[in-house]
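Here's the structure we're looking at; comments come further down.
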Amino acid sequence: MSAFARTRPSTQVFSLFTCIFCQVRCIIRNIVRDWATEGQRERDQCYKPILEELERLFPDRCQESPPACLVPGAGLGRLALEISCLGFISQGNEFSYYMMICSSFILNHTQAAAEWNIHPWIHSNCNSLSDSDQFRAVSVPDIHPASAGITEGFSMCGGDFVEVYSDPSQVGVWDAVVTCFFIDTAHNVVEYIEIISRILKDGGEMSIELSLEDVKRVALQYGFQLEVMSS
(Lines give C-alpha, C1' and ligand atoms only; values in the text may rest on other atoms or scores of the structure.)
Protein backbone atom coordinates (compact mmCIF):
# COMPACT_ATOMS: atom_id res chain seq x y z
CA MET A 1 0.00 0.00 0.00
CA SER A 2 1.32 3.41 -0.93
CA ALA A 3 0.56 6.59 0.92
CA PHE A 4 0.62 10.00 -0.72
CA ALA A 5 0.76 13.28 1.13
CA ARG A 6 0.21 16.71 -0.29
CA THR A 7 3.05 18.96 0.74
CA ARG A 8 2.83 22.69 1.10
CA PRO A 9 5.42 24.96 -0.51
CA SER A 10 8.15 26.06 1.82
CA THR A 11 7.46 29.41 3.48
CA GLN A 12 11.04 30.42 2.68
CA VAL A 13 10.58 29.64 -1.03
CA PHE A 14 7.33 31.60 -1.11
CA SER A 15 8.97 34.58 0.62
CA LEU A 16 11.87 34.50 -1.84
CA PHE A 17 9.48 34.41 -4.80
CA THR A 18 7.51 37.34 -3.37
CA CYS A 19 10.72 39.33 -2.88
CA ILE A 20 11.88 38.67 -6.45
CA PHE A 21 8.45 39.55 -7.83
CA CYS A 22 8.46 42.87 -5.93
CA GLN A 23 11.96 43.65 -7.21
CA VAL A 24 10.96 43.00 -10.82
CA ARG A 25 7.77 45.05 -10.49
CA CYS A 26 9.76 47.94 -9.01
CA ILE A 27 12.30 47.81 -11.84
CA ILE A 28 9.59 47.82 -14.51
CA ARG A 29 8.19 51.01 -12.98
CA ASN A 30 11.69 52.50 -12.84
CA ILE A 31 12.04 51.77 -16.54
CA VAL A 32 9.12 54.13 -17.11
CA ARG A 33 10.81 56.87 -15.08
CA ASP A 34 14.22 56.52 -16.74
CA TRP A 35 13.52 55.25 -20.24
CA ALA A 36 10.02 56.29 -21.33
CA THR A 37 8.49 59.51 -22.61
CA GLU A 38 6.00 59.22 -19.73
CA GLY A 39 8.88 59.67 -17.27
CA GLN A 40 10.24 62.87 -18.80
CA ARG A 41 8.55 65.17 -16.29
CA GLU A 42 9.98 63.26 -13.33
CA ARG A 43 13.42 63.17 -14.97
CA ASP A 44 13.25 66.93 -15.43
CA GLN A 45 12.52 67.35 -11.73
CA CYS A 46 15.22 64.95 -10.54
CA TYR A 47 17.99 65.04 -13.12
CA LYS A 48 17.76 68.39 -14.89
CA PRO A 49 18.97 70.50 -11.90
CA ILE A 50 21.99 68.20 -11.57
CA LEU A 51 22.81 68.40 -15.28
CA GLU A 52 22.49 72.17 -15.26
CA GLU A 53 24.75 72.43 -12.20
CA LEU A 54 27.40 70.23 -13.81
CA GLU A 55 27.36 72.44 -16.89
CA ARG A 56 27.80 75.51 -14.66
CA LEU A 57 30.64 73.98 -12.65
CA PHE A 58 32.51 72.62 -15.68
CA PRO A 59 31.94 75.12 -18.50
CA ASP A 60 35.23 74.43 -20.31
CA ARG A 61 34.90 70.73 -21.04
CA CYS A 62 37.07 69.44 -23.86
CA GLN A 63 37.12 66.18 -25.79
CA GLU A 64 40.83 65.65 -25.26
CA SER A 65 40.58 65.66 -21.45
CA PRO A 66 36.94 65.45 -20.31
CA PRO A 67 36.15 65.71 -16.58
CA ALA A 68 35.27 62.46 -14.81
CA CYS A 69 31.93 62.10 -12.99
CA LEU A 70 30.86 59.21 -10.78
CA VAL A 71 27.17 58.37 -10.29
CA PRO A 72 26.73 55.94 -7.38
CA GLY A 73 23.27 54.44 -7.04
CA ALA A 74 22.91 54.79 -10.80
CA GLY A 75 19.91 52.47 -11.06
CA LEU A 76 19.04 51.91 -14.71
CA GLY A 77 21.75 54.23 -15.96
CA ARG A 78 19.82 57.14 -17.47
CA LEU A 79 21.41 59.90 -15.37
CA ALA A 80 24.90 58.49 -15.97
CA LEU A 81 24.19 58.44 -19.71
CA GLU A 82 22.86 62.01 -19.71
CA ILE A 83 26.02 63.16 -17.90
CA SER A 84 28.14 61.35 -20.49
CA CYS A 85 26.25 63.15 -23.26
CA LEU A 86 27.28 66.48 -21.68
CA GLY A 87 30.93 65.63 -22.32
CA PHE A 88 31.97 63.87 -19.11
CA ILE A 89 33.67 60.52 -18.60
CA SER A 90 30.75 59.09 -16.68
CA GLN A 91 30.61 55.93 -14.60
CA GLY A 92 27.46 54.63 -12.96
CA ASN A 93 27.77 52.38 -9.93
CA GLU A 94 24.90 50.11 -8.89
CA PHE A 95 24.62 47.44 -6.21
CA SER A 96 21.37 45.79 -7.34
CA TYR A 97 21.94 42.81 -9.63
CA TYR A 98 18.43 43.23 -11.03
CA MET A 99 19.10 46.85 -11.94
CA MET A 100 22.41 45.95 -13.57
CA ILE A 101 20.85 43.25 -15.75
CA CYS A 102 18.13 45.62 -16.93
CA SER A 103 20.42 48.61 -17.53
CA SER A 104 22.88 46.41 -19.45
CA PHE A 105 20.07 45.18 -21.68
CA ILE A 106 18.79 48.68 -22.44
CA LEU A 107 22.20 50.30 -22.90
CA ASN A 108 23.87 47.52 -24.88
CA HIS A 109 21.14 45.69 -26.77
CA THR A 110 18.73 48.41 -27.91
CA GLN A 111 18.53 48.69 -31.68
CA ALA A 112 16.07 51.59 -31.92
CA ALA A 113 13.98 53.97 -29.83
CA ALA A 114 10.57 52.62 -28.75
CA GLU A 115 11.71 49.11 -29.57
CA TRP A 116 9.65 47.37 -26.89
CA ASN A 117 6.27 47.77 -25.24
CA ILE A 118 5.88 47.03 -21.54
CA HIS A 119 2.81 47.08 -19.27
CA PRO A 120 4.15 48.54 -16.02
CA TRP A 121 0.84 48.86 -14.17
CA ILE A 122 -0.72 45.52 -15.03
CA HIS A 123 -0.11 44.16 -11.51
CA SER A 124 -1.42 47.26 -9.77
CA ASN A 125 -5.12 48.07 -9.39
CA CYS A 126 -4.62 51.26 -7.36
CA ASN A 127 -5.47 54.67 -8.81
CA SER A 128 -6.85 53.19 -12.04
CA LEU A 129 -10.01 54.76 -13.40
CA SER A 130 -10.54 51.97 -15.92
CA ASP A 131 -9.10 48.67 -17.10
CA SER A 132 -7.43 50.47 -19.98
CA ASP A 133 -5.34 52.47 -17.50
CA GLN A 134 -4.10 49.31 -15.84
CA PHE A 135 -3.38 47.55 -19.14
CA ARG A 136 -1.84 50.57 -20.90
CA ALA A 137 1.38 49.88 -22.79
CA VAL A 138 4.46 52.07 -22.60
CA SER A 139 7.11 52.15 -25.34
CA VAL A 140 10.74 52.00 -24.25
CA PRO A 141 13.35 53.30 -24.54
CA ASP A 142 12.47 56.85 -25.54
CA ILE A 143 15.93 57.27 -27.10
CA HIS A 144 18.47 54.96 -28.72
CA PRO A 145 21.31 54.99 -26.12
CA ALA A 146 24.08 54.18 -28.59
CA SER A 147 23.07 57.17 -30.75
CA ALA A 148 22.65 59.64 -27.89
CA GLY A 149 26.13 61.14 -28.23
CA ILE A 150 27.89 59.58 -25.25
CA THR A 151 31.47 60.49 -24.36
CA GLU A 152 34.14 57.81 -24.68
CA GLY A 153 34.72 56.14 -21.33
CA PHE A 154 31.07 55.79 -20.31
CA SER A 155 30.65 52.70 -18.12
CA MET A 156 28.52 50.95 -15.51
CA CYS A 157 30.21 49.31 -12.52
CA GLY A 158 28.40 46.70 -10.45
CA GLY A 159 29.14 46.30 -6.75
CA ASP A 160 28.85 47.80 -3.30
CA PHE A 161 29.94 51.46 -3.30
CA VAL A 162 32.00 51.13 -0.11
CA GLU A 163 33.83 48.02 -1.31
CA VAL A 164 34.52 49.28 -4.85
CA TYR A 165 35.52 52.87 -4.12
CA SER A 166 37.48 52.27 -0.91
CA ASP A 167 40.19 50.81 -3.13
CA PRO A 168 43.40 52.93 -3.12
CA SER A 169 43.29 53.11 -6.93
CA GLN A 170 40.19 55.33 -6.64
CA VAL A 171 41.82 58.08 -4.56
CA GLY A 172 41.67 61.46 -6.32
CA VAL A 173 40.19 60.04 -9.54
CA TRP A 174 36.88 61.90 -9.88
CA ASP A 175 36.13 65.54 -10.68
CA ALA A 176 32.51 65.21 -9.54
CA VAL A 177 30.31 62.75 -7.67
CA VAL A 178 26.53 62.91 -8.18
CA THR A 179 24.43 61.26 -5.47
CA CYS A 180 20.85 61.42 -6.70
CA PHE A 181 18.74 58.76 -4.88
CA PHE A 182 21.88 57.53 -3.13
CA ILE A 183 22.92 59.24 0.12
CA ASP A 184 19.68 58.24 1.85
CA THR A 185 20.43 54.53 1.17
CA ALA A 186 23.50 54.58 3.42
CA HIS A 187 23.72 52.50 6.57
CA ASN A 188 26.40 54.99 7.57
CA VAL A 189 26.17 58.39 5.86
CA VAL A 190 29.49 59.47 7.36
CA GLU A 191 31.23 56.52 5.69
CA TYR A 192 29.81 57.49 2.30
CA ILE A 193 30.92 61.09 2.66
CA GLU A 194 34.36 60.05 3.87
CA ILE A 195 34.86 57.84 0.79
CA ILE A 196 33.59 60.56 -1.54
CA SER A 197 36.02 63.06 0.01
CA ARG A 198 38.90 60.67 -0.77
CA ILE A 199 37.98 59.78 -4.35
CA LEU A 200 37.38 63.39 -5.43
CA LYS A 201 40.24 65.36 -6.90
CA ASP A 202 41.29 68.53 -5.11
CA GLY A 203 38.57 71.06 -5.88
CA GLY A 204 36.17 68.32 -6.99
CA GLU A 205 32.41 68.67 -6.59
CA MET A 206 29.81 66.53 -4.82
CA SER A 207 26.10 66.88 -5.60
CA ILE A 208 23.75 65.60 -2.88
CA GLU A 209 20.00 65.15 -3.00
CA LEU A 210 19.28 65.60 0.69
CA SER A 211 19.29 68.90 2.57
CA LEU A 212 19.53 67.43 6.08
CA GLU A 213 21.44 69.56 8.55
CA ASP A 214 23.38 66.54 9.81
CA VAL A 215 24.57 65.64 6.31
CA LYS A 216 25.65 69.21 5.67
CA ARG A 217 27.57 69.39 8.94
CA VAL A 218 29.43 66.15 8.25
CA ALA A 219 30.23 67.22 4.68
CA LEU A 220 31.65 70.52 5.93
CA GLN A 221 33.86 68.66 8.40
CA TYR A 222 35.36 66.73 5.48
CA GLY A 223 36.30 69.93 3.67
CA PHE A 224 33.31 70.38 1.36
CA GLN A 225 31.88 73.83 0.65
CA LEU A 226 28.13 74.13 0.13
CA GLU A 227 27.81 76.22 -3.04
CA VAL A 228 24.21 75.70 -4.12
CA MET A 229 21.20 74.25 -2.30
CA SER A 230 17.63 73.98 -3.53
CA SER A 231 14.54 72.04 -2.49
Side-chain angles (χ1 to χ4, degrees), residues 20 23-36 39-40 42-43 46-48 50-51 54 58 61 63 66-113 115-116 118 120 140-186 192 195-196 198-201 204-209:
I20 293 173
Q23 288 271 9
V24 172
R25 185 167 61 177
C26 176
I27 287 171
I28 290 173
R29 289 175 177 173
N30 282 346
I31 293 173
V32 177
R33 186 192 70 198
D34 269 16
W35 293 105
Q40 184 65 57
E42 188 172 354
R43 290 197 299 273
C46 299
Y47 301 160
K48 192 174 180 180
I50 294 172
L51 299 172
L54 285 173
F58 300 91
R61 303 180 299 280
Q63 260 187 335
C69 181
L70 175 65
V71 188
L76 297 179
R78 182 59 181 262
L79 179 58
L81 179 135
E82 295 286 354
I83 291 172
S84 176
C85 293
L86 290 182
F88 289 80
I89 296 174
S90 175
Q91 181 174 95
N93 165 243
E94 177 55 48
F95 175 74
S96 168
Y97 186 61
Y98 300 95
M99 290 281 191
M100 287 297 295
I101 291 174
C102 188
S103 65
S104 175
F105 181 78
I106 293 174
L107 291 168
N108 298 314
H109 299 283
T110 299
Q111 301 298 318
E115 188 170 357
W116 304 286
I118 62 174
V140 295
D142 62 317
I143 61 171
H144 180 216
S147 303
I150 60 177
T151 302
E152 185 177 354
F154 172 65
S155 62
M156 291 287 288
C157 173
D160 177 71
F161 172 76
V162 173
E163 292 183 8
V164 174
Y165 296 96
S166 292
D167 191 276
S169 64
Q170 293 291 327
V171 174
V173 169
W174 303 96
D175 294 287
V177 177
V178 169
T179 63
C180 184
F181 302 128
F182 177 68
I183 285 289
D184 54 335
T185 68
Y192 274 17
I195 292 171
I196 291 170
R198 288 202 303 264
I199 66 177
L200 278 170
K201 297 177 182 177
E205 304 284 346
M206 178 178 75
S207 167
I208 63 174
E209 185 188 41

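Quick caveat, the model's predicted, so the values are computed rather than measured.
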(Q) Going by side chain to side chain contact (heavy atoms under 4.5 Å, CB included), name the residues that satisfy it together with I28, two or more places apart in sequence or in a different chain. (A) V24, I118, P120
Q: Using a 4.5 Å cut-off on heavy atoms from C-beta on, say whether the side chain of I89 contacts that of P67.
A: no
**Q.** Counterpart residues, side chain to side chain contact (heavy atoms under 4.5 Å, CB included), relative to Y98 (two or more places apart)
**A.** I20, Q23, I27, S96
Side-chain atoms of residues 140-150: list all donor-acceptor pairs with protein atoms under 3.5 Å, sequence neighbours left out, distances to 0.1 Å.
from, atom 1, to, atom 2, distance (Å)
D142, OD1, R78, NH1, 2.8
D142, OD2, R43, NH2, 3.2
D142, OD2, R78, NH2, 3.3
H144, ND1, S147, OG, 2.7
H144, NE2, T110, O, 3.0

Q) Do any pairs count as a side chain to side chain donor-acceptor pair (under 3.5 Å) and have a residue in residues 150-163, sequence neighbours left out, and if so which ones? A) Q91-S155
Q) With sequence neighbours left out, which residue pairs that include part of residues 166-182 fulfil the salt bridge (Lys or Arg N to Asp or Glu O under 4.0 Å) condition? A) D175-K201
Q: Could you tell me if the ring centre of F58 sits under 6.0 Å from that of F88?
A: yes
**Q.** Residues forming a side chain to side chain donor-acceptor pair (under 3.5 Å) with S166, sequence neighbours excluded
**A.** none
Q | Under the salt bridge (Lys or Arg N to Asp or Glu O under 4.0 Å) test, residues paired with K48 that sit two or more places apart | A | none
For residues 29-36, which side-chain N or O atoms pair as donor and acceptor with protein atoms under 3.5 Å away, sequence neighbours left out?
from, atom 1, to, atom 2, distance (Å)
R29, NH2, S124, OG, 3.4
D34, OD1, Y47, OH, 2.7
W35, NE1, L76, O, 3.1

Q: Could you list the residues that satisfy salt bridge (Lys or Arg N to Asp or Glu O under 4.0 Å) with R25, not counting sequence neighbours?
A: none
(Q) Checking T185 now: which residues fulfil side chain to side chain contact (heavy atoms under 4.5 Å, CB included) with it, not counting sequence neighbours? (A) F182, Y192
Q: Please list all pairs passing the salt bridge (Lys or Arg N to Asp or Glu O under 4.0 Å) test where one or both residues lie in residues 83-107, with sequence neighbours left out.
A: none
